[in-house]
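What follows is a short report on a single structure.
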Amino acid sequence: MRRLPQTALLALIGAGLLHTALFTDLYLRYVKEGLRPVLIASGIVLLLLATVNAVLDLRRSEDPHDEHEHQHAHGHDHSHAPKVAWLLALPALSLLLYAPPALGAYTAAHSNGKPVATTPKERFPALPATSPLPLTLTGFTQRVQQDPTRAIRGRQVRLTGFVTPAGAGGGWYLTRIIFTCCAADSQTVKVRVHGPDAPPADTWLAVTGTWHPSGRLGTKTAEAALDVRETHPIAQPVNAYTDDLPLTPS
């Protein structure tokens, strides 16, 4: 059958995209949730192209006269693709059989922190009385560095993220990696942790504690840091690549 490698690769990649986007949450490791329809549409188009390719090749193989004229017109047969083309099947098969690892502590340790957007003073509503108070890492940082009411002082908060070692200086960070669109444009937000020894890198935790005084609260001199009282291992949330309160798998 002509162009077999091309047809097989189209089918493999299309099936891999559909499997990842329709039946798993693995696509969230690489792109934002809003791109799921694009992945599904791409997978369908690739499978349709593979089907059309296969039908055309089958018709040619069943018509020896057409095949002979095609070879005569071109002087030789182009029906065989280089064997090295089959190496392109490996990434496609990985979508079906083995998902590439997600971004984690290694990426976070080698990237600069995401600048936290400035929040107008009037955008800081009164904090609820809930204790511990669930916050995102960005929300905690904004309260520490920008809230003129200093409402975070003495409040027990709960933050979630994964462990990133702090490097030569010791200690560790609670971290989230944020996708603007996909893994290629990811950025990192970190909160320095004071207290317990660092768990293994990439461990997902729910951390409870209070702001660690460093600098002047409510100003840019204040460090986004936490005196930790409790840590609890958690499963990686579905929305691991946003800085939102964690969603658990359904």
Side-chain angles (χ1 to χ4, degrees), residues 1-59 61 81-108 111 114 134 136-138 159-164 175-189 201-206 232-250:
M1 186 179 291
R2 298 174 57 82
R3 297 192 302 276
L4 177 60
Q6 297 95 317
T7 302
L9 285 173
L10 286 172
L12 280 174
I13 296 172
L17 286 175
L18 288 178
H19 169 75
T20 303
L22 283 175
F23 305 111
T24 76
D25 295 316
L26 293 176
Y27 73 97
L28 293 174
R29 294 183 179 184
Y30 320 112
V31 299
K32 294 192 71 173
E33 185 175 11
L35 292 178
R36 186 179 193 182
V38 177
L39 294 180
I40 294 172
S42 299
I44 292 172
V45 169
L46 289 172
L47 285 179
L48 287 175
L49 288 174
T51 301
V52 171
N53 230 15
V55 170
L56 291 176
D57 284 346
L58 182 62
R59 288 179 177 176
S61 66
K83 292 181 179 180
V84 71
W86 286 104
L87 292 176
L88 297 174
L90 297 179
L93 285 171
S94 73
L95 291 173
L96 289 168
L97 305 176
Y98 174 75
L103 301 183
Y106 179 85
T107 301
S111 64
K114 178 182 183 294
T136 65
L137 302 190
T138 298
L159 310 178
T160 57
F162 62 86
V163 175
T164 299
T175 312
R176 296 293 288 258
I177 291 177
I178 304 170
F179 289 173
T180 301
C181 174
C182 61
D185 60 17
S186 62
Q187 293 180 301
T188 302
V189 59
D202 292 316
T203 302
W204 277 86
L205 298 174
H232 296 286
I234 62 172
Q236 178 176 311
V238 173
N239 58 337
Y241 296 100
T242 64
D243 189 26
D244 298 317
L245 297 181
L247 297 176
T248 56
S250 56

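Since we're looking at a predicted model, the values are computed, not measured.
Note that NE2 of H232 and CG of L205 are 10.0 Å apart. Values are rounded to the nearest 0.5 Å. Atom CD of Q236 and atom OH of Y241 lie 5.0 Å apart (nearest 0.5 Å). Atom-to-atom distance recorded for L159:CG and T136:OG1 is 8.0 Å, nearest 0.5 angstrom. Within the model, atoms CG of L56 and CG of L58 stand 9.5 Å from one another, a figure rounded to the nearest 0.5 Å.
Proximity of L10 to L47: side-chain heavy atoms (C-beta onward) are nowhere separated by under 4.5 Å. Proximity of L39 to T20: side-chain heavy atoms (C-beta onward) are nowhere separated by under 4.5 Å. Side-chain contact between I178 and T188: absent, with no pair of heavy atoms (C-beta onward) separated by less than 4.5 Å. With contacts defined as side-chain heavy-atom distances shorter than 4.5 Å, the pair L48/V52 does not qualify. Side chains of P233 and W204 form no contact here, defined as non-hydrogen atoms less than 4.5 Å apart. Taking 4.5 Å as the limit, every side-chain heavy atom of F23 sits out of range of all side-chain heavy atoms of L18.
Applying the side-chain hydrogen bond (donor to acceptor under 3.5 Å, both in side chains) test to D243 and every residue at least two apart in sequence or in another chain returns T138. For T160, the side-chain hydrogen bond (donor to acceptor under 3.5 Å, both in side chains) test picks out R176, with sequence neighbours left out. In this view, A41 satisfies the side chain to side chain contact (heavy atoms under 4.5 Å, CB included) rule with no residue, not counting sequence neighbours.
Residues A11 and A50 come closest through the heavy atom pair N-CB, 3.7 Å. Between L17 and S42, the shortest heavy-atom contact is CD1-CB, 4.0 Å.
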inquiry  = Evaluate I40 against L22 for side-chain contact (heavy atoms from CB on, under 4.5 Å), listing each step before the verdict.
reply    = CA-CA 7 Å; I40 294 172; L22 283 175; 3.6 Å; yes
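For the pairing with L46, the side-chain contact (heavy atoms from CB on, under 4.5 Å) check across L9, L12, I13 returns one residue only, I13.
Of the possible donor and acceptor atoms, one in the side chain of T242 sits under 3.5 Å from a partner among the backbone N and O of N239.
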